[in-house]
Amino acid sequence: MKAKPVQIAIIVIGLLVGIGGIVLAVSKNGAPDLANKMILVDVTSGELYAVSTNGRSIILPYRSPESNEPTLLPVIFDESDSSWHVKSRYMGAMNDIKSVSDKIDPKSGRLAVESGVKPKVIK
């Protein structure tokens, strides 16, 4: 059976579209912009930390560099009231930590730290 010119054209166009899609998916400009760090709070002290997520996964709660205990939970900055909050998904994890700092509201997860505080970097 001989291929008709229309069939050949459709195959060639399909191959070109497929190759173009692969190039866009592999190139830096076509890749999604992923977060390269996570901001965490030590729920026993109220200290903020930044940990790099480049090329590795993070197990939460993360271990504190001070005590080596899993007491670091992710936080988000709420611009509406200029405050840090423990992410709601991780609020239940505070129940497993013995001495939660009085800088953290156990009901709302709001941290009593200044908005301009820079997190300590964990490498």
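Atom CD1 of I58 sits about 13.5 Å away from atom CZ of R63, to the nearest 0.5 Å. The structure places CZ of F77 at 11.5 Å from CD1 of I39, a figure rounded to the nearest 0.5 Å. Remark: L73 CG to M91 CE distance equals 9.5 Å, nearest 0.5 Å. With rounding to the nearest 0.5 angstrom, the CZ atom of R110 is 9.0 Å from the CG atom of D105. Within the model, atoms CD1 of I59 and CG of L72 stand 13.0 Å from one another, a figure rounded to the nearest 0.5 Å. Taking CG from L40 and CD from E47, the interatomic distance works out to 13.0 Å, rounded to the nearest 0.5 Å.
In this structure, Y49 and E66 have side chains that are in contact, with non-hydrogen atoms separated by less than 4.5 Å. Using a 4.5 Å heavy-atom threshold, the side chains of M38 and L60 count as touching.
Counting non-hydrogen atoms of other residues, nucleotides and ligands closer than 6.0 Å to CZ of R89 gives a total of 12 or fewer. Summarising the local packing, CD of Q7 is surrounded by more than 12 heavy atoms from other residues, nucleotides or ligands at distances under 6.0 Å.
Among all heavy-atom pairs drawn from G46 and V113, the shortest one is O-CG1, 3.6 Å. Of all the heavy atoms in I97 and T71, the pair that sits closest is CD1-CA, 4.0 Å. Scanning all heavy atoms of the two residues, the minimum distance from P119 to A50 falls at CB-N, 3.7 Å. Between L111 and G109 the shortest heavy-atom distance is CD1-O, 3.3 Å.
Linking Ile, Leu, Val, Met, Phe, Trp and Tyr residues whenever their side-chain heavy atoms come within less than 4.5 Å leaves V121 and Y62 in two separate clusters. No path of Ile, Leu, Val, Met, Phe, Trp and Tyr side chains, each step under 4.5 Å between heavy atoms, connects V86 with I76, placing them in separate hydrophobic clusters.
For the side chain to side chain contact (heavy atoms under 4.5 Å, CB included) with V12, the qualifying choice from I10, L16, L15 is L16, the only one to do so.
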Inset, instruction - Begin from the C-alpha positions of W84 and V41 and carry the test side-chain contact (heavy atoms from CB on, under 4.5 Å) through to its verdict. - result: CA-CA 9 Å; W84 290 96; V41 64; over 6 Å; no
